[in-house]
Amino acid sequence: MVAEVNAIGLDAQRAELEASDPSLLVREKKEKTHDLPDLDGAEGGVVMRIAPGPSGPLHIGHTRVSILNDEYVKRYGGRLICRYEDTDPDRVDPDAYEMIREDMEWLGVDVTDEYIQSDRFQEYYDVTRRLISDGNAYVCLCDADDWRALKEEKKACPCRDRPVEENLELYERFLGGEFADGKAVAVVKTDVAHPNPAVRDFVALRLVRTPHPRTGTKYVAYPMMNLSVAVDDHLMGMTHVIRGKDHLNNTHRQEYVYDYMGWEKPRFYHYGLVNIPDTLLKTSLIRKGIADGEYSGWDDVRTGTVRALRKRGFRPEAIRRYWVEGGMKQIDVQFSWDTLYSMNRDIIDDVSNRYFFVRDPVRYDIDGVDSLAGEAPLHLDHPERGVREYAIGGRGKTIFISAEDSAVFAEDGAIRLKDLCNLEYGTPAKYAGNDLSVIKGGMRVVQWVSRDSVEAEVLMPDGTVARGLVENAILRETGETVQFERFGFARIESMGDGPVRAVFTHR
RNA sequence: GCUCCUGUAGUGUAGCGGCCAAUCAUGGAGCCCUCUCGAGGCUUCGACCCGGGUUCAAAUCCCGGCAGGAGCACCA
């Protein structure tokens with residue numbers, strides 16, 4: 001049958017089809033929405049989680065897993081757990097819990113339940129005891145380097161084959177603090193000869209005497225993430241786990257715990273790594289920069305923290321759209337600031353009123369006219385929002401344009417002040433009418449301010465400050481972001497005392 | 001070295017055996033409109049890693065290369 005149809009040729013096939021069912025020839029409209037793929041077995045609700053280590057506030061990289069999980073919980077219904085993984089007392093910042101909470105809230109991530117692992121050590125101890133008594137874990141007293149070297153050669157260390165009774169006894173002494181840090185660990189057995197060296201026996205509990213910011217010196221035995229994550233994901237009833245593919249091997253290790261305990265496994269998804277160019281993300285470096293006085297704080301615009309983005313005038317919806325459209329593929333990806341800028345511009349362009357900001361102002365007095373008047377809409381697409389009105393007259397007709405435009409003015413011999421008038425170059429400059437047709441001729445049209453302007457400072461993403469003047473109409477502005485025409489979008493930080501302070505968003 | 005994962009335009013994605021001379025976004029180029037270097041409109045540039053195989057038909061399935069990434073911590 002198929003062969004017969006093929007034999008008659010494409011044109012004949014088309015004609016034939018046209019006669020029988022023309023609708024088949026109409027190409028279906030492609031769905032252009034870039035929704036996330038469906039999750040298996042999610043009908044009826046999901047339980048998912050975000051598991052940050054509280055070492056500092058969230059950065060742009062963390063927003064992906066947060067938003068992905070949040071999106072799915074919103075789609076299927078269920079619970080979104082935020083679990084603070086503070087099981088390394090050397091890397092816990094007591095302020096981070098609250099900062100992360102704030103960051104999530106700003107991102108619009110709706111956390112329904114919150115857990116802190118340092119409250120849950122007893123759970124990890126109980127599971128480990130059970131693993132040991134079932135012969136699936138052991139207490140190891142070997143030197144860490146030796147133990148690792150043996151694993152490399154697919155060999156078991158002497159502790160691995162110790163009788164269960166002895167292991168249980170050692171375990172109680174281990175929890176009781178009888179051993180020094182680094183002298184003993186609890187280990188989960190997998191398969192010492194496993195072809196993948198990353199999956200062979202892994203440490204479940206270690207000893208740490210560094211006081212924990214939340215629990216002080218109450219505990220000396222600290223769980224490693226492969227134990228605590230498996231235990232918590234099970235106890236918290238996780239149905240789906242989404243995380244970076246750097247955890248692929250951790251998933252394999254954790255599956256041993258599930259199997260030993262007879263637990264049902266959640267469905268695991270691993271997305272590829274994100275490379276975020278030209279952005280400072282390392283918490284330790286930012287922390288150091290703050291301590292050294294190099295950075296103004298966790299929201300310093302030179303960093304990639306969520307609070308820095310917020311300060312710059314990004315909208316959380318833009319960040320969300322970025323990750324949703326990016327999907328969940330396992331391929332590693334490059335983060336594109338250009339794309340995020342574009343998505344953010346989509347949102348703020350409409351709500352941002354326009355003003356003239358003149359960087360590095362150069363003064364010009366105007367001759368040849370008694371007074372000048374003009375007006376410009378706050379937003380070209382929204383005339384209902386009103387206008388900025390200009391009236392220049394009286395003693396001196398003075399305006400300021402940016403140093404950059406001033407150079408062009410001198411070069412070209414003429415310039416147009418947008419929404420006001422044309423000028424011929426000179427000191428003073430000479431009024432040259434208000435004929436708009438000069439624009440067609442290619443005359444540069446620039447923003448300007450009068451003597452009634454106020455000082456302004458725009459903090460740029462590289463940490464420098466653009467200083468200049470902004471028209472005083474901005475003092476009545478109530479929106480969060482504005483667009484300085486021909487300069488870019490900015491978020492208003494403060495107005496009133498002193499200069500208007502703004503933070504550059506993007507072009 | 002071992003193990004795992006992944007390979008569609010510059011970037012990110014859609015497609016998952018015939019509708020693909022491959023989608024959308026972003027980006028580049030150009031034009032129109034607008035008194036912004038913003039927005040909008042239009043045009044245009046640009047990709048299925050390579051080689052075999054299966055099949056009437058492969059971006060889509062299989063095998064082999066190659067390339068990139070991750071892990072092999074008493075961090076998460």
Side-chain angles (χ1 to χ4, degrees), chain A residues 2-7 24-28 30-35 51-55 85-88 90-91 140 144-145 147-148 151-152 154 181-187 194-200 202-208 222 224-226 228-229 243-253 270 272-275 277 321-322 325-327 329-343 345-346 348-350 352 354 356 374 376-377 379-381 416-420 422 434 436-440 443-447 483-489 506-507:
Chain A
V2 175
E4 274 176 46
V5 173
N6 275 304
L24 289 178
L25 282 173
V26 179
R27 188 186 288 208
E28 258 175 72
K30 295 250 164 72
E31 281 292 312
K32 56 192 230 171
T33 47
H34 281 182
D35 274 343
S55 58
E85 305 207 325
D86 56 346
T87 54
D88 180 359
D90 287 313
R91 298 209 306 191
C140 180
D145 293 333
W147 179 73
R148 217 178 295 121
K151 265 202 321 186
E152 198 71 28
K154 302 187 177 181
D181 290 6
K183 294 299 176 193
V185 287
V187 176
H194 196 288
N196 184 349
V199 180
R200 294 171 198 158
F202 63 88
V203 176
L205 295 165
R206 62 169 177 155
L207 296 167
V208 184
Y222 281 77
M224 304 297 290
M225 66 103 86
N226 282 307
S228 54
V229 166
R243 53 184 171 195
K245 77 175 188 186
D246 48 324
H247 288 296
L248 229 29
N249 284 323
N250 289 321
T251 298
H252 293 140
R253 299 204 265 213
H270 300 91
L273 267 38
V274 189
N275 184 357
R321 185 179 148 205
Y322 187 93
E325 292 197 4
K329 300 209 306 187
Q330 255 177 268
I331 182 177
D332 298 341
V333 296
Q334 290 291 324
F335 182 84
S336 165
W337 284 105
D338 273 346
T339 303
L340 182 63
Y341 289 166
S342 167
M343 290 175 175
R345 196 151 43 222
D346 261 0
I348 66 172
D349 181 69
D350 194 66
S352 302
R354 271 55 172 168
F356 287 162
H379 196 297
L380 211 50
D381 302 333
R416 171 163 177 80
L417 304 179
K418 186 170 181 282
D419 305 307
L420 191 69
N422 304 332
N434 195 18
L436 285 174
S437 66
V438 298
I439 301 165
K440 296 270 186 209
M443 189 182 288
R444 165 100 68 144
V445 180
V446 305
Q447 78 279 22
Q483 190 208 51
F484 292 138
E485 293 195 35
R486 297 182 68 241
F487 185 78
F489 291 90
H506 48 63
R507 282 204 160 270

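In what follows, chains are A, B, ... by sequence order, proteins preceding strands, each numbered from 1.
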So K151(A), base contact, sugar-phosphate only, or nothing? Heavy-atom distance under 4.0 Å.
nothing

Could you tell me how far apart D88(A) (CG) and C74(B) (C1') are, to the nearest whole angstrom?
10 Å

Supply the atom-to-atom distance R354(A) CZ to Q447(A) CD, rounded to the nearest 0.5 angstrom.
13.5 Å

Same-atom distance (C1') from C45(B) to G38(B), integer angstrom:
24 Å

G69(B) to C49(B) separation - C1' atoms, rounded to the nearest Å
15 Å

NA contact type, H247(A), heavy-atom cut-off 4.0 Å: base, sugar-phosphate, or nothing?
base

Between A76(B), C74(B), U36(B), which nucleotide has the shortest distance from any of its atoms to the side chain of L380(A)?
U36(B)

Take atom C1' in U3(B) and the same atom in C56(B), then report the distance between them in whole Å.
41 Å

Closest to the L248(A) side chain, choosing from C35(B), C5(B), A39(B)
C5(B)

Report which part of the nucleic acid E152(A) touches: base, sugar-phosphate, or nothing (heavy-atom distance under 4.0 Å, all strands).
base

Against the side chain of P197(A), the closest entry in G27(B), C72(B), A73(B) is C72(B)

I want to check one thing: is the phosphate of G38(B), taken as OP1 and OP2, less than 4.0 Å away from some side-chain N or O of R354(A)?
no

Could you give the CZ-to-P distance, from R243(A) to C5(B), as a whole number of Å?
16 Å

Please report the distance, rounded to the nearest Å, between OH in Y322(A) and P in U26(B).
13 Å

If I pick the C1' atom on C48(B) and the same atom on G15(B), what distance separates them, to the nearest angstrom?
10 Å

Over all strands shown, is D181(A) touching base, sugar-phosphate only, or nothing at heavy-atom distances under 4.0 angstrom?
nothing

Would you kindly give the CZ-to-P distance between R345(A) and G38(B), to the nearest whole Å?
8 Å

Please round to the nearest 0.5 Å and tell me the distance separating atom CZ of F335(A) and atom CG of L273(A).
14.5 Å

Compare side-chain N and O positions of R148(A) against OP1 and OP2 of C74(B) and report whether any pair is under 4.0 Å apart.
yes

Over how many whole Å does the gap from L205(A) atom CG to A73(B) atom P extend?
18 Å

A9(B) and A22(B), which share atom name P, separated by this distance in whole Å:
14 Å

When rounded to the nearest Å, what value does the distance between P atoms of A76(B) and A14(B) take?
33 Å

Among U3(B), C35(B), G7(B), which is the nearest nucleotide to the side chain of I331(A)?
G7(B)

When rounded to whole Å, the CG to C1' distance for the pair D332(A) and G71(B) reads 13 Å

When rounded to the nearest Å, what value does the distance between P atoms of G17(B) and C74(B) take?
44 Å

Taking all non-hydrogen atoms of both residues, which atom of R416(A) and which atom of L436(A) are closest, and how far apart?
NH2-CD2, 3.3 Å

I'd like the C1' distance from G18(B) over to C50(B), given in whole Å.
25 Å

Reckon S342(A) has a side-chain N or O less than 4.0 Å from the OP1 or OP2 of A25(B)?
no

